[in-house]
Amino acid sequence: MCGLCGVFGGENHWSTHIEDPEQAHYERRRARAYRAELINRVLKPHRLVLEDFQASSFVIASATGKREIVQDLGGIWRQAELMTGRDIDPLDTNFLASLS
Amino acid sequence: MNDKTPLLPVHVISGFLGSGKTTLLKSVLASEDFGDSAVLINEFGDVGLDNRLLGEIAEDAVLLSSGCVCCTIRGELSDALRRLMSQRQDGKIPPFKRIILETTGLADPGPIASTITADPVLRHHLRPGTNLTLVDALNATASRKLQPVWESQIAVADKLVISKVDLVDQAQLDEVQSLIDTINPAAQQLGQEALKQASDELFGSGPHIDHYSYSEVKTWLGPWRKPPAPDAASHLGDVQSFRLCFDGEVDWTCFGLWLSMLLNRHGSQIMRVKGVLHVKGDTRPVIIHGVQHTVHPPEHVDAWPKDDRISELIFITHGITAKCVTDSLNTFMNAVSNHPSPRIFHA
């Protein structure tokens with residue numbers, strides 16, 4: 001939990017369970033940074049930016065300055081859809097074309 | 001794989017009304033192999049008929065009186081499981097080694113796993129176990145037409161038993177087999193002896209056993225009976241099953257993003273996804289198992305066999321084609337990952 005704002009931290013998304021809790025702290029931070037890098041690649045066409053917040057949660061920011069805290073991957077996609085008003089659908093050919 | 005505490009499995013017996021679930025459960029409870037089991041019965045309607053039939057085990061049973069185990073009453077299932085664990089911890093009931101949940105015939109067993117994995121208390125004590133589904137050979141065709149949940153019960157099954165085979169002729173049995181092979185060709189099918197003599201085979205080789213051997217994973221992935229031709233399967237509507245194969249290592253982070261996006265948008269149409277992956281930078285195979293919106297925590301298994309590091313994923317979908325999923329994953333991984341992407345194709 002973040003001592004300043006009281007936000008409960010720690011991802012509990014299934015995709016993070018593959019990480020070994022015994023591994024060095026910096027390796028987990030590196031995996032988290034890589035995850036954020038790839039998410040930003042997906043969100044960029046939607047003019048959204050993801051920032052890591054205290055290694056406990058994430059903040060999604062829109063081009064208009066709106067900012068929302070989310071805990072993990074499941075929350076990121078839902079929140080991004082709410083902020084843009086559009087579906088983020090990996091089966092949509094337009095979405096896939098926007099990535100390249 | 002990050003929790004070394006042994007978690008108790010919650011095995012699920014499902015099947016349409018009258019398919020023989022209670023008969024099987026009675027056989028299970030009469031077996032010495034299952035003497036250390038706690039039982040939960042999910043009954044539909046005001047009168048808990050099944051609970052009466054199983055009167056001798058009522059002491060350890062909790063009847064879920066609200067009917068179907070579905071999203072709207074997950075709380076009740078959660079409460080019942082917590083109550084069982086609390087009684088076990090307080091020594092009020094014997095220290096059982098597994099929980100067996102019999103669902104009502106109208107229940108979609110999919111949300112049960114999410115009830116366990118999403119609950120902040122239960123997930124530290126329990127894990128989803130084996131989904132065992134009974135298919136009534138006599139009424140399969142009629143049940144499928146009346147209730148879409150019939151397909152869901154088959155789709156989530158790790159193991160299947162066809163009941164009442166002695167009441168149908170070979171043509172009817174072949175039709176039921178064709179339906180099953182179309183919906184879930186990867187489920188392990190048990191013979192009639194499984195109904196007569198309950199054994200470890202019923203719930204063994206579930207999806208969440210620590211220290212899986214690769215051969216056990218292969219058993220769990222199933223024999224992959226080739227689905228019937230589209231013409232034969234056309235009467236099943238939009239249910240499709242297909243297998244994705246990966247030629248090369250998989251960037252787990254990138255794959256996780258893609259699958260989480262897919263389930264966020266299409267989770268209700270992804271009836272089942274399971275498989276084994278060769279993850280980049282990981283020396284051991286990783287198994288993945290998801291039902292609808294819920295993906296169970298992935299687990300490592302023992303080492304790959306020599307010369308066989310083929311990743312494969314099995315999908316059972318409703319209205320989503322193999323080509324659509326394959327094209328999406330290929331394009332996504334090529335565009336997003338920092339690493340060379342595997343060639344992905346469907347079988």
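Here is the naming used below: chain letters follow the sequence lines, and residue numbers restart at 1 for every chain. The figures here come from the full heavy-atom set of this structure, side chains too, leaving out hydrogens, waters and symmetry mates.
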Any Asp92(A) side-chain heavy atom under 4.5 Å of Arg265(B) side chain: no
dist Met261(B):CE -> Ile88(A):CD1 (nearest 0.5 Å) comes out at 6.0 Å
Rounded to the nearest 0.5 Å, the SG atom of Cys254(B) sits from the OH atom of Tyr34(A) at a distance of 6.0 Å
Counting heavy-atom pairs under 4.5 angstrom with chain A, the leader among Leu257(B), Leu329(B), Thr331(B) is Leu257(B)
Honestly, the part of Arg41(A) sitting under 4.5 Å from a heavy atom of chain B is side chain
Show your reasoning for whether side chain to side chain donor-acceptor pair (under 3.5 Å) applies to Trp252(B) and Ser15(A). CA-CA 8 Å; Trp252(B) 173 260; Ser15(A) 63; 5.3 Å; no
Looking only at Val325(B), Asp327(B), Val295(B), the option with the highest number of non-hydrogen pairs under 4.5 Å against chain A is Val295(B)
Taking every heavy atom of Thr253(B) against every heavy atom of Arg35(A), the minimum-distance pair comes out as CG2-CA, 3.6 Å
Turns out that what part of Ile39(A) lies under 4.5 Å from chain B's heavy atoms comes down to both
Of all heavy-atom pairs linking Leu99(A) and Ala335(B), the shortest is CB-CB, 3.8 Å
Checklist entry - Considering only heavy atoms from C-beta outward, does the side chain of Leu38(A) approach that of Asn338(B) to under 4.5 Å? => result yes
Cut-off 4.5 Å, heavy atoms of chain A, and the answer for Asp251(B) is side chain
Applying a strict 4.5 Å limit to non-hydrogen atoms, the region of Val286(B) in contact with chain A is side chain
Between Leu91(A) and Ser328(B) the two heavy atoms that sit nearest each other are CD2-CB, 3.7 Å
Fill in: Arg78(A) atom CZ, over 12 foreign heavy atoms within 6.0 Å
no
